[in-house]
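Quick notes on the structure that follows.
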Amino acid sequence: MKVDFGGSVEQLPPGGGKPVVWALGTLLACMGGAVQAEEGVDPRLATVVVTGNKASEAEQARAELDKVAGSVRVIDNKEVERGRAQNAEDVLAYQPGVFAQATSGTGANKISIRGSGLNTFYQGYVMGIKFLYDGMPISGPGGTQEDMLNMAAVDYTEVLYGANAFAHTALSLGGAINFVTHTGYTSPGARVRLDVGSFGYRKQELSYGGVSGDSDYFVAVLHNERDGFQDDTPNRGKDFIANFGHAFSPKLDTRLIVRYREEKLLNGSTLTKEQIEHDPTHNRLLSDRRKNGTTLISSKTTYTFDDDSKLEVGLGYNNYPLHNGWRYAATAQDWHSTDLNTVIRYLRTGDRLFGLPSDTTLTFSDTRLIDGDVTGYRQSDWVKVRHTDYTGSRDTVFALGNELQLDDQYWLSTGLSLINIDRTARIQYSITPNTSTFPDNVSYNDWHVAPRIGLRYQLSPEVQLFGNVSRSIDPPVTWQHGSTANPYLRPLDPQKGTTVEFGVRGSAGIFDGSLAIYRSWITDELLTVVISPATPTSDAVTANANASDTIHQGIEAGLDTRLWESSRGDSIVLRQAYTFNDFYYRNDDEFGDNELPSLPRHYYQAELQYRHSQGFYAGISVRSASSYYVDYANTLKAPSYTIWGAKVGYDDPGERWSVYLDARNLTDENYVTAANTAYDLKGVDSPNFYAGDGFGVYAGVSYRFE
């Protein structure tokens with residue numbers, strides 16, 4: 001087995017790519033027209049659609065992120081809840097550059113930004129993106145727990161691409177996704193929401209929020225169930241969320257947030273392309289997962305000094321146990337993981353640097369695994385076969401950032417991050433001896449430097465240009481070195497990359513849009529290969545390795561068009577998002593310039609929606625993905641697909657109640673949502689593909705009491 005993988009050179013943009021020509025031509029024409037827009041037009045950088053009669057928290061967040069010299073998005077959950085809001089696929093839809101697809105209808109989604117962790121997906125693990133709740137990370141040295149990606153009780157979501165997530169000390173290629181929990185201000189009163197749908201989908205939510213003097217509070221309980229599209233794939237879970245805030249004085253305030261989730265599920269197994277075409281509900285093997293209580297507790301205290309500078313101190317406790325394959329796998333795994341998180345940020349505004357207005361931020365972030373191990377048990381006789389300990393692994397980042405206003409139109413963003421990566425992995429017990437050339441323990445402590453520089457230019461009151469150059473560092477998570485499959489560990493280096501990004505965002509008349517073009521030069525990319533898929537009598541065999549040099553480049557285009565609007569506020573809006581992915585090896589010894597597998601080259605989403613001024617809405621949607629390779633040798637592809645949907649609903653203008661009907665996959669298409677990545681399949685069909693849901697209808701109603 002070769003350790004370094006290699007893959008396909010194509011120039012950016014690709015010749016003959018009609019969607020790319022459309023995206024560039026239409027969007028640049030709109031941006032050019034904005035320069036001649038009339039004075040007095042409200043500035044709108046509508047990277048998302050945000051509704052409401054007053055400035056929401058999401059709108060305020062979008063205004064703040066407008067200061068970032070790069071691609072960012074804000075997603076208001078009110079918009080998401082106008083249909084099924086089940087998982088990351090629903091929340092992250094219509095975001096250019098973001099690929100989010102569910103498998104088994106659970107929180108185990110494949111999520112990738114700019115090709116981050118493009119093939120490290122096995123039953124829910126997401127790599128190359130830093131996930132946070134309310135600014136506190138849930139991603140740590142042991143990865144990201146997928147059960148928390150159900151986005152329960154979320155007010156809005158921030159998506160910060162690549163180094164544009166600098167404020168969250170995120171140095172990953174994909175950047176960061178920050179979910180912001182409801183407070184007593186954003187969700188006052190008692191609210192109940194009920195959802196039902198195809199494949200036994202049921203979801204109930206009850207919440208209560210309010211404000212009392214200088215304090216606010218929000219609590220919510222949720223329960224979800226689904227029988228599953230594939231045979232024998234039920235899942236169920238329950239959540240408790242609490243958010244308490246208090247202002248001790250105009251200068252001192254604090255907030256405490258608690259999230260708790262339990263979850264049990266059976267995964268939908270991978271199938272061959274032929275099986276998905278003719279019998280996608282088949283489940284060829286049973287694989288279960290149980291989370292007996294993921295607990296996330298975080299607090300954030302802010303003190304404002306007399307000169308308006310601020311000190312923020314955040315502390316977090318994150319415990320995420322996992323029982324994997326407890327009934328059906330050949331080897332059951334018992335995981336214990338507890339992270340302690342510390343974030344300290346000092347912000348200065350209104351200073352002068354070289355005689356120019358200057359804002360400076362100094363951040364310290366530390367995430368350490370204070371208790372982390374995995375024990376494997378043989379199912380046949382319940383004998384312990386292996387125990388691996390990861391305790392002590394951590395990621396520590398020091399970041400210094402500055403925003404300098406050069407004149408009325410130009411802002412210069414600079415930043416420098418120092419990251420200390422400590423990884424400790426030790427096989428403390430193994431029933432089989434280590435006869436390989438790999439060690440049974442891995443320990444290293446490395447420092448890396450990640451600079452960033454960006455420039456944004458206000459071309460007109462409505463249009464902003466931006467560009468940046470940045471460095472990314474992706475350390476391997478603990479279990480990538482090895483867990484219970486082998487009696488040895490594999491040494492891995494952090495993935496490193498340099499990214500150049502240029503873009504434009506703004507509005508012009510009936511158009512709101514954004515366009516970004518990027519290119520990343522990556523060394524030591526962390527790639528995963530499935531040596532052999534799981535069978536009813538054996539677990540899947542996988543390997544992680546650092547690749548030879550690779551390129552990630554692409555186009556991210558989003559465009560909202562108000563096709564029609566009446567004098568009373570009725571409208572027809574076309575919302576579009578297009579992503580072009582071009583990821584390949586650079587002269588690999590074995591694979592040459594092959595494409596990297598696992599993500600579609602072209603990905604397009606659109607929704608045409610009619611909205612009545614009194615709350616009624618109806619629309620149709622489409623999602624289309626091109627075919628893509630699933631092995632490094634580029635011999636077998638996942639099929640392309642196009643999925644249609646329709647939605648109708650009503651939002652009470654008084655914000656008391658709402659109802660929706662959401663139909664998915666109207667043509668009952670048999671399609672592949674995600675795939676394992678293999679070494680060389682030689683063109684032979686194999687069970688490496690995840691089946692998407694068939695035709696389904698979902699309905700929901702919510703009511704808010706006074």
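Model, not experiment: these values are computed from the prediction. Position 1 is the first residue of the sequence; numbering continues from there.
- In summary, the aromatic rings of Trp382 and Trp326 are positioned with their centroids under 6.0 Å apart.
- Under a cutoff of 6.0 Å and an axis angle of 45°, Arg259 and Phe240 do not form a cation-pi pair.
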Next item on the list: Please assess Arg255 against Asn243 for the test side chain to side chain donor-acceptor pair (under 3.5 Å), listing each intermediate value before the final yes or no.
Entry: CA-CA 7 Å; Arg255 186 164 294 280; Asn243 189 339; 2.8 Å; yes
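- Residues Glu263 and Lys291 are not paired through a salt bridge, judged by the lack of any N-O separation under 4.0 Å between the basic side chain and the carboxylate.
- Looking at Glu146 and Arg289, a side-chain N of the basic residue comes within less than 4.0 Å of a carboxylate O on the acidic one, giving a salt bridge.
- Arg261 and Asp147 are not joined by a salt bridge, as no carboxylate oxygen comes within less than 4.0 angstrom of a charged side-chain nitrogen.
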Next item on the list: Test side chain to side chain donor-acceptor pair (under 3.5 Å) on Lys130 and Thr144 and set out the steps.
Entry: CA-CA 8 Å; Lys130 186 174 185 178; Thr144 302; over 6 Å; no
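- For the residue pair Gln145 and Ile138, the shortest heavy atom distance occurs at OE1-O, 3.1 Å.
- Salt-bridge check for Arg423 with Asp395: passed, with a basic side-chain N closer than 4.0 Å to an acidic carboxylate O.
- With respect to Arg368 and Asp366, a salt bridge is recorded, a charged nitrogen being found less than 4.0 Å from a carboxylate O.
- No side-chain donor-acceptor contact under 3.5 Å links Gln480 to the backbone of Thr528.
- Applying the side chain to side chain donor-acceptor pair (under 3.5 Å) rule to Arg226 yields the partners Asp693; only residues at least two apart in sequence or on another chain are considered.
- Aromatic ring orientation, Phe591 versus Tyr679: perpendicular (interplanar angle above 60°, classes split at 30° and 60°).
- The aromatic rings of Tyr133 and Phe179 sit tilted, their planes meeting at an angle between 30° and 60°.
- Taking the side chain as every heavy atom from C-beta outward, Asp549 and Ile522 never approach each other to under 4.5 Å.
- Contact of the Asn445 side chain with the Arg394 side chain is registered, since non-hydrogen atoms from C-beta on lie closer than 4.5 Å.
- For Lys264, the NZ atom counts as loosely surrounded, since its 6.0 Å shell holds 12 or fewer non-hydrogen atoms of other residues, nucleotides or ligands.
- The heavy-atom pair separating Glu262 from Asn292 by the smallest distance is CG-C, 4.2 Å.
- The closest side-chain heavy-atom distance from Ser116 to Arg114 is not below 4.5 Å.
- Note on Lys300 versus Glu312: salt bridge recorded, some NZ/NE/NH1/NH2 to OD/OE distance being below 4.0 Å.
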